[in-house]
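Here the structure is laid out as structure tokens; the discussion comes afterwards.
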Amino acid sequence: MDESDAVTGARLRAAREAARLSLSALAARTHYSKALLGLLETGQRQIRPEHVRAYSDALGIGSSLFNEPADGEQAAAEWIHRVAASDLGGDTLDRLELAVDDLAAGYPMTPPGELLMRIRQHLGYAGRLMDSRKTLTQHRRLLVAVGWLSLLGSTCHIDLGEISAAAARGHLAWKLADEAGHREIAAWCLETRAWQQLTGGEFTAAAELARAAQSLAPEDSSAFIQATAQEGRALARLGDSKGTYGALRKVAMMVSGLSTPDRPEHHFRYDPAKSDAYVATTLAWLGDPAAESYARHVLADLAGAASARPRRIAMANLDLGLALVAADKPDEAADVALAVVTSGNLVPSHYWRVSEVVSGIEHRDVADAAMVREAFRDTYAV
């Protein structure tokens, strides 16, 4: 192996990896095979000028990259220029980040299948940007944007009952958060998994994941608040009243001085108005009689917001229905459940909650329970 070929080969490889291209991707941009490129990069083949030109053309860099100047000042200046070089326009990432926020803000009122399609389109665009030459700062911003998109996609898959796809996208978001050093995305990954376990009836796992999310999240972040609330809901399901009330008090303290975000419907920004809704759900699951008044209060606050927060209204009605069952008011519970079902605002991750309310009604009024079940089958074809 010629020493100069080994040195130049290492520079070829470094340039390719800096551009985040695989050997296969580079082979597609040149007329050389993947095998030959691998031999060149390891110095096992003589590197000719045409090989260097092929790399230069494919990577969009000058051939001088592979022959660093002997003069230290000139070499440092050239490296600073290379690090600052980018093929991305000044506002390219700004637009992508705004699109990510728009998608997250659209989550509460957009059917998950439709939102997922839009997320995929933006991920495709982000993938093309990933193959472009970027500064280190731009590279991290792109990783963060893709992390949020992947996490939102995972949430949509959970809504649709597509658990394997949700896990895959959630794992990608976790890896990107680690690569970018973004603790809040990582915490949201754990919180989202906690929610998925909660909807699947794995309450102990949900509580553990919610606590793990809190340990990772910045203490002033929305992820920390949401994970605390999620822990309270899981503990309610486990019948741990002391832990449940403790979690509710923590959330109340955190949101007491919290201002409403500029986009309160944003899925990853905690809206203080959500607090009462979470209290209503948590108390309903714990069997606390106060759940009924909380749920009615939430619904009164949401009056007139049906188009903006249809799912929050549906969940508040299910909380009310469950509380009415516990209060031995099956007729009103049936009316509430029927209204929720026929609204068409439920997604698969909500179905178990309908079943729970209907089962409670059935113990007191079989006919009303059957009516709600029939409406559910007609509306959702399940």
**OP:** Ignoring hydrogens and angles, tell me if any N or O in the side chain of Ser150 forms a donor-acceptor pair with the backbone of Ala173 under 3.5 Å.
**Re:** no
**OP:** Output all residues satisfying side-chain hydrogen bond (donor to acceptor under 3.5 Å, both in side chains) with Asp101, sequence neighbours left out; order by chain, then residue number.
**Re:** His266, Arg269
**OP:** Using the ring of Tyr55 (Phe, Tyr or Trp, six-membered ring only), decide whether Arg11 places NZ or CZ under 6.0 Å from its centre and within 45 degrees of its axis.
**Re:** no
Original post:
Is Asp57 salt-bridged to Arg29, going by a charged N under 4.0 Å from an acidic O?
Top reply: no
**OP:** Could you tell me whether the side chains of Tyr107 and Asp159 share a donor-acceptor contact shorter than 3.5 Å?
**Re:** yes
**OP:** Considering only NZ, NE, NH1 and NH2 on the basic side and carboxylate oxygens on the acidic side, decide whether Asp368 and Arg373 come within less than 4.0 Å.
**Re:** no
**OP:** Using the rule that two of Ile, Leu, Val, Met, Phe, Trp, Tyr join whenever any of their side-chain heavy atoms come within less than 4.5 Å, decide whether Phe268 and Trp195 are in one cluster.
**Re:** yes
Original post:
Quick one: does Gln138's side chain have a donor or acceptor within less than 3.5 Å of a partner on Thr135's backbone?
Top reply: yes
Original post:
Are the side chain of Ser293 and the backbone N or O of Ala290 linked by a donor-acceptor pair below 3.5 Å?
Top reply: yes
Original post:
What residues, two or more places apart in sequence or in another chain, satisfy salt bridge (Lys or Arg N to Asp or Glu O under 4.0 Å) together with Glu179?
Top reply: none
Subject >> Salt-bridge criterion met for Lys329 and Asp335 (N-O under 4.0 Å) >> reply: no
Subject >> Side-chain donor or acceptor of Arg233 paired with backbone N/O of Ala206 under 3.5 Å >> reply: no
Pairs under 3.5 angstrom only: tabulate donor-acceptor contacts from the side chains of residues 185-193 to other protein residues two or more places apart or in another chain.
from: Glu191; atom 1: OE2; to: Gln230; atom 2: NE2; distance (Å): 2.6
from: Thr192; atom 1: OG1; to: Trp188; atom 2: O; distance (Å): 2.8

Original post:
Who passes side-chain contact (heavy atoms from CB on, under 4.5 Å) against Arg296, sequence neighbours left out?
Top reply: Glu292, Leu320, Leu324, Glu332
Subject >> Side-chain donor or acceptor of Asp365 paired with backbone N/O of Ile361 under 3.5 Å >> reply: no
Subject >> Aromatic plane relationship, Trp148 with His182 - under 30° parallel, 30 to 60° tilted, over 60° perpendicular >> reply: perpendicular
**OP:** Just jot down the side-chain hydrogen bond (donor to acceptor under 3.5 Å, both in side chains) partners of Gln214, sequence neighbours excluded, or say none.
**Re:** Thr228, Glu231
**OP:** Decide if the gap between the ring center of Tyr351 and the ring center of Phe376 is smaller than 6.0 angstrom.
**Re:** yes
**OP:** Using salt bridge (Lys or Arg N to Asp or Glu O under 4.0 Å) as the criterion, list what pairs up with Arg118, not counting sequence neighbours.
**Re:** none
Original post:
Does any N or O in the side chain of Asp240 come within less than 3.5 Å of the main-chain N or O of Gly243, such that one atom is a donor and the other an acceptor?
Top reply: yes
